[in-house]
Amino acid sequence: MRSQELLTLGLAGKLLERLREYCHDHGVWLRELGEPPAALALAKRGSVGALVLRVGRDVEAEYRLLAELAREHPRLRVVLLSDVRQTQLAALGWHLGATAVLFPPLGAPELFDLLPRLLP
């Protein structure tokens, strides 16, 4: 029985494939989302464990989603992930309620270190 869900938004390629393998091996249900409203809808249902949100494509929408999730669903753990070092955006992510902010030099290795704590 799958006890936790991991949502992803904006992830692709090797990282997403590695997350699929991790979730399969650990009994976690992985849901790959295309748009922020899907994350909000699933969070409202209350069955979500964590969201990995890649930021950088539409920063305004991504941070608006983070703020709404933190305000309306504080038990949802949100990890921001970026390929670009952006100190101010990283700080804003913490301020808006992210559980973890993985901007360079942090990245995918640290995400996999966090997963056991995000999805107990």
Side-chain angles (χ1 to χ4, degrees):
M1 183 172 154
R2 297 183 190 272
S3 60
Q4 293 283 331
E5 288 182 62
L6 178 63
L7 306 179
T8 66
L9 186 58
L11 274 66
K14 291 180 183 180
L15 177 57
L16 184 57
E17 184 56 39
R18 286 183 60 206
L19 280 172
R20 284 185 192 123
E21 291 173 15
Y22 178 93
C23 289
H24 179 266
D25 293 346
H26 292 86
V28 175
W29 188 9
L30 178 67
R31 289 186 165 204
E32 303 165 36
L33 308 176
E35 297 295 326
L40 291 169
L42 289 169
K44 285 179 184 174
R45 292 161 91 193
S47 60
V48 177
L51 166 67
V52 178
L53 174 61
R54 180 171 300 277
V55 296
R57 190 174 61 168
D58 184 350
V59 174
E60 187 176 324
E62 294 154 354
Y63 278 78
R64 191 172 33 245
L65 172 64
L66 171 61
E68 186 169 350
L69 288 171
R71 184 180 61 250
E72 300 294 327
H73 309 285
R75 292 182 49 198
L76 175 66
R77 294 165 294 274
V78 180
V79 177
L80 298 184
L81 186 64
S82 178
D83 294 329
V84 180
R85 175 179 243 150
Q86 300 170 334
T87 307
Q88 290 90 356
L89 288 179
L92 180 59
W94 287 114
H95 178 73
L96 293 175
T99 305
V101 178
L102 302 177
F103 283 27
L106 304 176
E110 289 78 15
L111 173 62
F112 285 91
D113 290 342
L114 280 173
L115 288 175
R117 289 176 279 178
L118 294 171
L119 304 165

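Minimum interatomic distance between G93 and L66 (heavy atoms only, all atoms of both residues): O-CD2, 3.6 Å. E5 approaches L119 most closely through the heavy-atom pair O-CD2, 3.7 Å. The shortest non-hydrogen separation linking L114 to A100 is CD1-CB, 3.5 Å. Nearest heavy-atom pair across G49 and Q4 is CA-OE1, 3.1 Å. The heavy-atom pair separating R54 from L15 by the smallest distance is NH2-CD2, 3.4 Å. The shortest heavy-atom contact between F103 and L81 is CE1-C, 4.3 Å.
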- May I have the step-by-step check of side chain to side chain contact (heavy atoms under 4.5 Å, CB included) for L19 and L111, ending in yes or no? CA-CA 10 Å; L19 280 172; L111 173 62; 4.3 Å; yes
- Go through V55 and L89 one step at a time and tell me if the side chain to side chain contact (heavy atoms under 4.5 Å, CB included) criterion holds. CA-CA 9 Å; V55 296; L89 288 179; over 6 Å; no
- Please step through side chain to side chain contact (heavy atoms under 4.5 Å, CB included) for the pair L51 and L42, ending with a clear verdict. CA-CA 10 Å; L51 166 67; L42 289 169; over 6 Å; no
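Of the possible polar contacts, none joining the R77 side chain to the T99 backbone as a donor-acceptor pair under 3.5 Å is found. At least one donor-acceptor pair closer than 3.5 Å links the side chain of E110 to the backbone N or O of G107. Using modelled atom types, no side-chain atom of H95 and backbone atom of A91 make a donor-acceptor pair closer than 3.5 Å.
Using a cut-off of 4.0 Å between Lys/Arg side-chain N and Asp/Glu carboxylate O, E17 and R20 are scored as salt-bridged. At a threshold of 4.0 Å, the pair R64-E60 counts as salt-bridged, since one of the basic side-chain nitrogens sits closer than that to a carboxylate oxygen.
Considering only heavy atoms from C-beta on, L115 stays 4.5 Å or farther from V28 through its side chain. The shortest side-chain heavy-atom distance between Q86 and P104 does not fall under the 4.5 Å cut-off.
Summarising the geometry, atom OH belonging to Y63 is positioned 7.5 Å from atom CG belonging to L96; distances are rounded to the nearest 0.5 Å. Summarising the geometry, atom CG belonging to L11 is positioned 10.5 Å from atom CG belonging to L33; distances are rounded to the nearest 0.5 Å. Distance check: L9 CG to E32 CD gives 11.0 Å after rounding to the nearest 0.5 Å. Rounding to the nearest 0.5 Å gives a distance of 10.5 Å between CD of E21 and CG of L16.
For CZ of R71, the number of neighbouring non-hydrogen atoms (other residues, nucleotides, ligands) closer than 6.0 Å is greater than 12.
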